[in-house]
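As a basis for the values below, the full set of heavy atoms in this structure was taken, side chains included, without hydrogen atoms, waters or symmetry mates. All ligand and atom numbering here is 1-based and tracks the order in the structure.
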Amino acid sequence: MAGKTSSYGADQITVLEGLAAVRKRPGMYIGTTDVAGLHHLIWEIVDNAIDEAMAGYCDLIQVNVRADGGVSVCDNGRGIPVDKHKKTGKSALETVLTVLHAGGKFGEDNSGYKVSGGLHGVGVSVVNALSETLVAEVYRDGKVHEQTYSKGDAKAELKVSGETKLTGTKITFYPDKTIFDSVDFDFSTVVARMRQQAYLTRGVTIEIVDERNGDKCRFYFEGGIKSYVRHLNKSRDSIGDVVYIEQDTAEGKIEVAMQYTNSFQEQIYSFANNIHTIEGGMHVTGFKAALTRTINTYARKNDLLKEKDGNLTADDVREGLTTVISVKLKDPQFEGQTKSKLGNAEMRTAVESVFNEAFAEYLEEHPNDARGVVGKCHLAARARMAARAARDTVIRKGALEGMTLPGKLADCSSRDPSNSEVFIVEGDSAGGSAKQGRDREHQAILPLRGKILNVEQARMDKILANNEVKALIIALGVGIGEAFDLSKLRYHKVVIMTDADVDGSHIRTLLLTLFYRYFKSVVEAGHIYIAQPPLFKIWYGKKIEYVYTEAQKEKALKMFGKDVNPSVQRYKGLGEMNPDQLWDTTMDPSQRRLLKVTIEDAEAADKVFDTLMGAEVLPRKKFINAHAKKVENLDI
Ligand code: 28F
């Protein structure tokens with residue numbers, strides 16, 4: 001460096017120019033250099049192809065995850081121009097690939113070129129900078145034009161390498177191993193993203209091939225986001241058809257697709273310039289405002305809402321609603337924690353007025369669907385009022401406090417929460433074994449009857465009012481709602497002990513959802529656990545092994561030796577174990593395995609709760625089976 005002089009001049013400030021800046025601080029341009037950043041490279045290239053499709057020149061995009069570690073993306077658009085730029089003497093292709101921020105779509109003249117969010121709007125040059133090698137091929141004017149780059153620099157002049165009747169652009173890149181933590185592309189991540197992009201760009205076909213193993217996928221959605229909504233609702237009971245609204249406005253292009261279902265959950269997927277705005281933003285705010293207003297106006301006008309009734313609330317009109325909102329605008333502002341919230345205020349009013357008008361018209365023109373929709377909102381409103389009443393009764397300060405510990409609770413004798421545990425056990429017989437097998441000093445047992453969860457109890461509020469659940473809340477000691485006090489928790493380990501079958505996973509989901517919604521800080525503080533009962537008992541003579549997975553079983557059988565033929569018992573439920581066995585395998589702190597529940601686990605349970613409770617029996621069964629298997633795997 002410049003010696004010891006401390007004068008501070010422009011010549012001493014290192015100004016990194018161009019792509020060297022990208023290599024020096026990749027995080028600034030692609031967020032991270034972990035696998036997420038790695039995949040961003042693909043997204044950036046595909047975004048450009050999607051732009052070409054949106055401009056109306058391309059309808060096929062092929063993505064190949066190559067066996068040699070590279071990825072190639074090819075489109076059948078016009079091909080990036082290859083003629084030389086007057087000032088720079090470089091081709092448009094080389095300019096786009098080597099100059100940061102270059103690209104017509106970010107410049108002044110976007111001649112018919114649609115906007116793109118891209119990676120902070122930096123484009124393909126960033127991918128080039130972060131690639132060991134990148135090969136660009138352009139099919140244009142009957143020729144194949146080709147140029148190879150290394151770490152962002154052209155290795156040779158652009159050359160013509162052949163003839164072709166096709167047009168399009170193909171980019172093949174090899175991510176720089178010195179920059180990324182891992183250069184191993186995950187095919188399912190690529191597939192998920194491409195599916196989403198295909199939904200958002202109606203009429204484009206995206207083909208994806210994993211050349212490492214031959215896996216292939218192809219997406220084409222004639223209906224665009226309308227198809228997306230159909231897909232999201234395929235396991236739900238829909239009310240009316242998908243409403244689809246599309247309009248070009250001065251603020252940008254607005255598309256909304258939505259459909260009501262009999263479910264209780266709301267799903268909104270919003271996008272700005274094909275970027276998933278997970279945190280929502282102005283477009284979503286505008287949509288919600290218009291939705292509430294339009295439905296109330298329609299219901300009043302058509303006497304579907306009585307004069308004495310109050311308005312339907314924003315929550316009422318969104319229960320069971322699935323919506324995809326996609327806006328494309330010139331200068332998107334992304335805000336929020338993860339820069340995934342659209343900040344452009346003009347989009348709020350634009351979406352609000354477009355949706356307001358179009359949806360009002362839709363309701364007028366489809367009176368049957370309109371009746372179904374208002375009916376569903378009514379139901380939500382009534383349920384909301386009933387639920388509030390039920391919750392108030394349960395939560396009302398003092399309602400639980402004065403109550404004595406439930407009779408079914410076999411409490412421990414210790415009064416020190418830090419060394420007390422409570423086992424929530426499914427079923428009376430397992431409860432009996434647990435009571436006999438436990439360490440009375442430190443372990444309490446609370447049996448719950450298996451049938452606390454049934455289809456009629458679709459609302460958490462009803463479940464809260466259920467006597468079994470009330471007993472649990474009283475046993476925990478923390479109170480609920482406004483009266484909640486974590487310091488009153490009576491056991492620092494709350495262990496859910498259910499069978500490793502469908503009913504068991506059902507009850508576990510219910511309990512985790514309950515904890516997530518009403519006792520979040522108990523979960524966050526790490527007090528909730530899941531017990532891990534063994535799957536098999538293997539014994540020969542006096543030697544006994546308990547194993548928790550199929551793999552362990554195989555290992556144990558080998559360990560017993562080839563000559564002997566040990567006995568194997570598969571435990572179907574906790575109730576099959578005698579008290580000693582239950583203690584040895586599942587409850588004894590020196591031997592057992594417990595799984596600590598994280599807030600993410602509980603949140604995931606909360607999400608599946610709705611699926612479990614849905615009105616349709618078939619998908620629910622399917623789901624439970626899939627889920628039960630997954631839980632089995634998780635326990636390994
Ligand atoms: C594999 C990824 O990147 N496809 C692209 C085009 C087409 C044009 C273009 C792209 C022109 C001057 C910037 C062609 N003809 N796939 C892609 N297809 N970029 S990127 O133009 C870029 C601007 O500088 C294109 C006429 N206009 C535009």
For ligand 1, is there an N or O atom under 3.5 Å from any N or O atom of R140? yes
For a salt bridge (Lys or Arg N to Asp or Glu O under 4.0 Å) check, start with the C-alpha distance between K143 and D141, then their side-chain angles and the critical distance, and finish with the verdict. CA-CA 6 Å; K143 298 189 189 85; D141 307 324; over 6 Å; no
Please state whether the rings of F221 and Y199 are parallel, tilted or perpendicular, taking 30° and 60° as the class boundaries. parallel
Identify, with sequence neighbours excluded, every residue that meets side chain to side chain donor-acceptor pair (under 3.5 Å) alongside Q247. none
Could you list the atoms of ligand 1 found under 4.0 angstrom from a heavy atom of I171? 1 (C)
Please state whether G79 comes within less than 4.0 angstrom of ligand 1, counting heavy atoms only. yes
Salt bridge (Lys or Arg N to Asp or Glu O under 4.0 Å) pairs, two or more places apart, involving residues 206-229: D184-R212, E207-R218, D210-R212
In terms of its nearest heavy atom to atom 12 (C) of ligand 1, the top option of A92, G123, S91, A136 is A92
Counting from 1 in the order shown, the ligand 1 atoms closer than 4.0 Å to a non-hydrogen atom of P81 are 8 (C), 9 (C), 11 (C), 14 (C), 15 (N), 21 (O), 25 (C)
Cation-pi check for Y516 against K520: NZ or CZ below 6.0 Å from the six-membered ring centre and within 45 degrees of the axis, yes or no? yes
List every atom of ligand 1 that sits less than 4.0 Å from any heavy atom of I45, numbering the atoms from 1 in the order shown and giving each element. 1 (C), 2 (C)
Decide whether D59 and Y220 meet the rule of one side-chain donor and one side-chain acceptor closer than 3.5 Å. no
Please could you name the atoms of ligand 1 that I80 approaches to less than 4.0 Å, counting only its heavy atoms? 5 (C), 6 (C), 10 (C), 19 (N), 20 (S)
Among D75, V73, V63, which residue places a heavy atom closest to atom 16 (N) of ligand 1? D75
